[in-house]
Amino acid sequence: MSLPKKIKVLIVAPQLPLVGGQAIQAARILEKFRSEDEIEIDFLPINPRFFPALQRIRFLRTILTTFKYAIDLLVRVPKYDVIHIFSASYFSFILAPTPAILIAKLFGKKTILNYRSGEAEDHLENWKRTAIPIIKLADSIVVPSGYLVDVFSKFGLEAKSIFNFVDTEKLLFRQRENLRPVFLSNRNFEELYNVGCVLRAFKIIQKRFPDAKLVIVGDGAENENLRALAGELKLSNCEFRGQVSPQEMGKIYDEADVYLNSPNIDNMPNSIIEAFYAGIPVVSTNAGGIPYIVEQRKTGVLVPINDEKNLAAEAIALLEDNDMALEIASRAKEESRKYIWESVRGKWVEEYKILAK
């Protein structure tokens with residue numbers, strides 16, 4: 001009796017160390033399925049590495065990378081049953097998912113558009129002529145949150161949700177019996193994530209808790225501005241740790257007792273569900289899809305966008321009401337079961353099987 005044929009899946013996504021949730025989630029899915037026998041999975045990076053000396057030249061790097069990426073797609077796509085394509089928005093959508101979808105279509109291959117940007121509504125509204133026709137070519141649209149399911153439905157596009165998941169092997173859970181004023185911010189230094197709001201909130205927090213500590217993990221275009229802002233605010237015990245690998249983040253979460261998050265635009269931050277799993281109570285702005293994963297005063301605390309006063313006040317309230325903080329952390333830990341591999345694995349397998357028929 002012959003064994004059933006394995007489904008051959010090609011993941012098309014950014015590769016680490018490129019900063020961002022797409023690269024992290026793609027790497028996690030790849031790692032998990034490679035340790036199993038049911039799915040034969042492989043990876044094609046949208047940011048291939050080659051000729052390091054030439055890649056230091058900005059515009060030449062873009063041209064060469066785009067050319068190499070297109071050639072890789074033409075060579076490799078025909079070998080697979082399902083092409084699982086990770087997607088952001090705007091120009092990134094044109095440069096990465098669009099050629100992957102078109103080339104997969106050329107070879108008659110089934111595609112999953114795994115769209116992950118919190119800027120989806122603006123993208124679809126203002127780039128209708130380029131984005132929506134390409135999206136409609138995908139055989140399946142998968143997003144990580146109910147928020148994006150609702151956004152896509154506004155444009156007549158049917159999407160289904162398969163959650164992001166945490167790497168439980170690299171995270172440490174710690175029961176925090178008495179919260180200390182030790183805070184963590186772990187977002188890319190980009191304008192939409194508004195890490196400056198966390199810095200301004202921390203200034204207020206330090207007036208109440210002078211020994212409070214803030215650990216900031218990340219990098220990006222706003223790096224110099226954020227460091228300058230920390231200097232202007234004369235913050236003490238504020239540590240910029242730079243970019244930290246996913247393998248090391250478990251230790252960083254273990255240091256902190258409160259997670260602060262202040263984006264203006266967002267979808268489903270990996271960092272929030274990682275904080276849930278690690279046992280850290282979350283105080284966040286209510287941007288985008290965050291209210292879909294954080295239930296107000298049940299699994300976290302939400303405040304308006306760009307409101308450092310409320311962000312600080314709610315963080316202080318957690319420290320001053322330890323019982324409330326522990327209840328929130330406990331419920332969030334229970335909620336985190338939705339975001340582990342065992343909870344999402346079957347949904348990906350089912351999606352691959354449906355398309356591979």
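Side chain to side chain, N114 and R116 meet the donor-acceptor criterion of an N or O pair below 3.5 Å. A side-chain donor from one of D150 and Y292 sits under 3.5 Å from a side-chain acceptor of the other. Side-chain contact of N186 with S271: a donor-acceptor pair under 3.5 Å is absent, judged by distance alone. One side chain, D42 or Y80, offers a donor N or O that lies under 3.5 Å from an acceptor on the other. Between E158 and S153, the side chains place no donor N or O within less than 3.5 Å of an acceptor N or O (distance only, hydrogens not considered).
Between Y253 and Y259, the ring-plane angle classifies as tilted under the 30° and 60° cut-offs. Taking the six-membered ring where the residue is Trp, Y90 and H123 present perpendicular rings, their angle passing 60° and hence far from 30°. Below 30°, between 30° and 60°, or above 60°: for F240 and F189 the angle between ring planes is above 60°, a perpendicular geometry. Under the 30°/60° scheme for interplanar angles, the aromatic rings of Y339 and F276 are found to be tilted. Using the six-membered ring where Trp is involved, H84 and F86 have ring planes that are parallel, under 30° apart on the 30 and 60° scheme.
V182 and L319 fall into different hydrophobic clusters, defined by Ile, Leu, Val, Met, Phe, Trp and Tyr side-chain heavy atoms under 4.5 Å apart, directly or through other members.
In the displayed structure, E224 atom CD is contacted under 6.0 Å by at most 12 heavy atoms of other residues, nucleotides or ligands. When the shell of 6.0 Å around CD of E169 is examined, it contains 12 or fewer heavy atoms from other residues, nucleotides or ligands. Open room surrounds CD on E350; 12 or fewer heavy atoms of other groups in view lie less than 6.0 Å from it.
Using a 4.5 Å heavy-atom cutoff, the side chains of S35 and F33 are not in contact.
One distance of note links CD1 of I11 with CD1 of I41; it measures 3.5 Å at 0.5 Å rounding. Taken from SG in C238 to CG in L214, the straight-line distance is 4.5 Å, to the nearest 0.5 Å.
Distance alone, capped at 3.5 Å, places no donor-acceptor pair between the E190 side chain and the E222 backbone.
Between F163 and W341, the ring centre distance reaches or exceeds 6.0 Å.
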For V198 and F183: C-alpha separation, side-chain torsions, deciding distance, then whether side-chain contact (heavy atoms from CB on, under 4.5 Å) applies.
CA-CA 10 Å; V198 168; F183 300 88; over 6 Å; no
